[in-house]
Amino acid sequence: MSKRAFELPVLTQPAPVDHAAAAADFNADVARTDWHDASLWFVRERRDRAAALVPDWEELRVRASAIKEHALTHLDDYLTQFEAHALENGMNVHWARDAEEHNRIVHGILEKAGARRLVKSKSMLTEECGLNKYLGARGIDVVDSDLGERIVQLRGEGPSHIVLPAIHLKRGEVGETFHEHLGTPLGLDDPVALTLAAREHLRGKFLAADATLTGMNFAIAESGGFVVCTNEGNADLGMSLAPIHIASVGIEKVIPRLEDLPVFLRLLARSGTGQAITSYTTHVHGPRDGQELHVILVDNGRTRQLAREEFWGSLKCIRCGACMNTCPVYRRSGGHSYGSTVPGPIGSVLTPGLDLERYASLPFASTLCGSCTAVCPVKIDLDGQLFRWRQHVTERGYSSKAKGAAIKASVVMFDRPRLFRVAGAIARLGLRLMPSAVARIASGAWGRTREAPLPGRESFRSWYRRERSGGKR
Amino acid sequence: MTSSTARDEILRAVRAALPPAVDAPPAEYQPGTPSASDEDLVVRFTHAAVASGALVVASEGDPAVDAMQIAGSAPEVLSLLPGVASTIAMPTNPHALATLDLFLCQAAVGVAENGALWFATPDPIHRAALYLAERVVIVIAADALVADLHEAYRRINVRATSFGTFVAGPSKTADIEQSLVVGAHGPKELTVIISTARG
């Protein structure tokens, strides 16, 4: 049996991501798919309960969205303010145009200090930049310290969710991984025992680290500080112990004022996991005595997204993961099927901006039901953006030929009422006469896992005319 | 160090990309948190702290007495509480706290809506102790409780220290099959002592 639940798309491979095909692989294991679906729905329901307890929830969302829109439309001001105040606070500030430059800066800092052991806490940005691979090739021992991230790192996978990195794995699989890498007893699959084994293993890594790297949830322009939220306290252990702290952040994470923080913090954990707040919400306004603190401000495609009139609103994202937990497609296709660092609805509007041809299938990994937009704490119109990306994909000819042909054929039919009526009559009769196995093929992907209902004996049109002529309403 | 080319290029790209300006919302925000008496705040805070996984103790007398009871005979104790003695000498290096059993401290503000406690310090040893200790005890005065996070930020001066954190419950994770496990990396137990004594 393969140890992996399913094969990962290789991120460096330029071949286009085929979300539907990857999702079909995930769906091959029906029990796992149902379990994955239910696990995430459980988190979504926790979010609903937490949100319902906040009387000004909708006002908070409106305000959070307005603050982010204001910040993004004055981003140059706020970035330079943040930089100036961070420098005053004793931080070093670096700027990176792309992933390669970011990785080079990190490596340069480590090399200069002779640091070989780096402990990271969760940073989707460094996943996006491929930092672990870059540093690994240069002899740096990189350890992800978030439990979920450590699990997937040991397995040679990427995270499948931005908040719950190992949500695709069952406890038995984690047990096998820990048996192999941490020497836990074979067959041990109790989450408490496994977590404590990871604690012991990682405590040693924290104490031995030469440097630590964290992300940032918020960078504050007026104070030159930043906030890191975790439940595990892993970022804090890293920051409190290592002599060098590197904090990497996408340029869109800058917010103007300290008083904006409570607006976002009241939304973030409630939206993400249904907690009122994470265990630790840490504010850093300078290095501790004797520590070196480096901030890296990273563009890597963000200014290109900012320039897109239809899509710049996606940069409001605070990475809570609520859109993933609620998305019926994400829940039943798994994060890896998106072939993108950030999966789910938000990933499907961010990642096409990096390479539309390669990620052309992502905007179609949605039913456009709008549930993502309804739960988004910063009111990103996710379904609208997904819909608009579809127009760009089709205009540039990146959508599948078969889909294009089917749409063209239906345009011909809908343009000609007589043809439409004839086609309808044929379909009504044909679907009744066809064996259901054939009918299921005829109904396309939808019919693969569903029994097609029998069509009505007459068309709506003829029913309506008959009813009207009978004088009834 | 900082490449001024990268900085200038990024800022130039940002300026070229800026969408039409959106005004900042007015500074004052009315949170809509229901008003509360002092007693309400204690009740609300207690509910939220318990939900975050903390143990909550009410102390009507000297909180040091309750704290010492919780400490029991823990061998390695670091205390910032008046009336509770440390059993170890203050180390010069935070790594020396790797086997710390108990850390006791006082929070400046407690937040009723989420059970979070504000602890800020410029001292790197105290900071590390909050995460390295097996168990943590935090004392909060009942009159230092506020209704919501907006009010909390009005009471604290975030910029005053290089480090400050809201602590809500012990270290925890649910990364294996959504099963909540306490003590992921940091403290396995957090006890909050709400001190109602009038100073």
Side-chain angles (χ1 to χ4, degrees), chain A residues 39 42 55-56 59 63 66-67 69-70 73-76 79 93-97 101 147-148 164 166 170-171 174 191-192 194-195 199 202 207 223 231-234 236-237 240-241 251 256 258-259 261-262 265-266 276-277 279-289 299 303 306-307 312, chain B residues 1-3 6-7 9-11 13-25 27 29 31-34 48 51-52 94-95 98 113-116 124 127-128 131 149-150 152-153 158-159 161-173 175-179 181 183-186:
Chain A
S39 301
F42 168 75
D56 52 333
E59 287 163 73
R63 192 172 179 83
I67 294 167
E69 287 183 359
H70 170 71
T73 60
H74 299 80
L75 189 57
D76 53 334
L79 281 170
V93 181
H94 310 258
W95 300 71
R97 282 162 286 200
E101 190 163 34
L147 176 60
L164 316 161
K170 300 207 134 187
R171 61 181 71 190
V174 177
V192 175
L194 292 172
T195 301
R199 175 190 167 103
L202 287 165
L207 289 167
S223 67
N231 277 319
E232 299 183 6
N234 54 323
D236 287 291
L237 270 176
S240 305
L241 291 169
I251 54 172
L258 285 162
E259 69 201 59
L261 280 173
L265 291 171
R266 293 180 72 204
I277 192 166
S279 297
Y280 302 105
T281 305
T282 295
H283 303 56
V284 177
H285 278 80
R288 55 171 215 273
D289 276 350
D299 181 347
T303 52
L306 187 64
W312 70 269
Chain B
M1 220 7 249
T2 302
S3 149
R7 177 187 187 276
E9 262 186 46
I10 291 171
L11 287 172
V14 168
R15 285 183 190 119
L18 286 183
V22 174
D23 288 340
Y29 180 66
T33 312
S52 76
H95 291 72
E113 71 162 320
N114 55 25
R127 171 181 176 174
Y131 303 103
L149 265 186
H150 305 278
Y153 275 96
V158 175
R159 265 178 282 198
T161 47
S162 60
F163 162 84
T165 192
F166 283 109
V167 182
S171 161
K172 50 190 176 266
T173 184
D175 274 348
I176 302 174
E177 279 197 14
Q178 287 298 296
S179 304
V181 181
H185 287 293

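Here is how names work: the chains are called A, B, and so on, in the same order as the sequence lines, proteins then strands, and each is numbered from 1. None of these values were measured; they are calculated from a predicted model.
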For the interface with chain B, which of A:H70, A:H74, A:E69 has the highest count of heavy-atom pairs at distances below 4.5 Å? A:H70

Could I get the full list of ring pair (Phe, Tyr, Trp, His ring centres under 6.0 Å) partners for B:H185, not counting sequence neighbours? A:F206

Honestly, the part of A:L241 sitting under 4.5 Å from a heavy atom of chain B is both

Could you look at B:V22 and say if it's the side chain, the backbone, both or neither that has a heavy atom under 4.5 Å from chain A? both

Sequence neighbours excluded, which residues qualify as salt bridge (Lys or Arg N to Asp or Glu O under 4.0 Å) partners of B:R127? none

Answer key: most heavy-atom pairs under 4.5 Å with chain B among A:D289, A:L75, A:L194 is A:L75

Mark yes or no for whether A:R199, through its side chain, and B:G183, through its backbone, hold a donor-acceptor pair below 3.5 Å. yes

Highest number of heavy-atom pairs under 4.5 Å with chain B among A:P262, A:P287, A:A276 belongs to A:P262

Part of A:V174 lying under 4.5 Å from any heavy atom of chain B: side chain

When heavy-atom pairs shorter than 4.5 Å are enumerated against chain B, which of A:P256, A:A307, A:P55, A:S240 gives the highest number? A:S240

Is any side-chain heavy atom of B:D175 less than 4.5 Å from a side-chain heavy atom of A:E232? yes

Could you tell me the separation between the CG atom of A:L79 and the CZ atom of B:R15, rounded to the nearest 0.5 Å? 9.5 Å

List the atom of A:L207, the atom of B:A98, and the distance in Å for their closest heavy-atom pair. CD1-CB, 3.7 Å

Taking C-beta and beyond as the side chain, do B:Y29 and A:E259 meet within less than 4.5 Å on heavy atoms? no

Ring geometry between B:F166 and A:H283 (parallel below 30°, tilted from 30 to 60°, perpendicular above 60°): perpendicular

Looking at every heavy atom in both B:Y153 and A:L265, which two are closest together, and how far apart are they? OH-CD1, 3.1 Å

Contacting moiety of B:E113, where chain A heavy atoms sit under 4.5 Å: both

Heavy atoms only, distances under 4.5 angstrom: which of A:R288, A:K170, A:R63 has the most pairs with chain B? Name it, please. A:R63

Is the shortest heavy-atom distance from the side chain of B:T173 to the side chain of A:N231 under 4.5 Å? no

dist B:S171:OG -> A:D236:CG (nearest 0.5 Å) comes out at 9.5 Å

Donor-acceptor contact below 3.5 Å, side chain A:T303 vs main chain B:V14: no

I want to check something: taking the side chain as every heavy atom from C-beta on, are A:L306 and B:P19 in contact at a cut-off of under 4.5 Å? yes

Please determine, among A:G233, A:A166, A:G148, the option with the most heavy-atom pairs under 4.5 Å with chain B. A:G148

Scanning both residues in full, the closest heavy-atom pair of A:I67 with B:P25 reads CG1-CG, 3.7 Å

Under a 4.5 Å cutoff for heavy-atom pairs, which residue among B:A152, B:A21, B:P20, B:G164 has the most contacts with chain A? B:G164

Euclidean distance, B:L149 CG relative to A:I277 CD1, rounded to 0.5 Å: 5.0 Å

Taken to the nearest 0.5 Å, the spacing of A:D56 CG from B:H150 NE2 works out to 6.0 Å

Is the backbone of B:R159 close enough, under 3.5 Å, to the side chain of A:S223 for a donor and an acceptor to pair up by distance? no

Side-chain touch B:L11/A:W95, heavy atoms, less than 4.5 angstrom: yes

Can you find a pair of side-chain heavy atoms, one from A:H285 and one from B:T161, that are under 4.5 Å apart? no

Name the option with the most non-hydrogen atom pairs under 4.5 Å to chain A; the candidates are B:A16, B:A13, B:P124, B:P31. B:P31

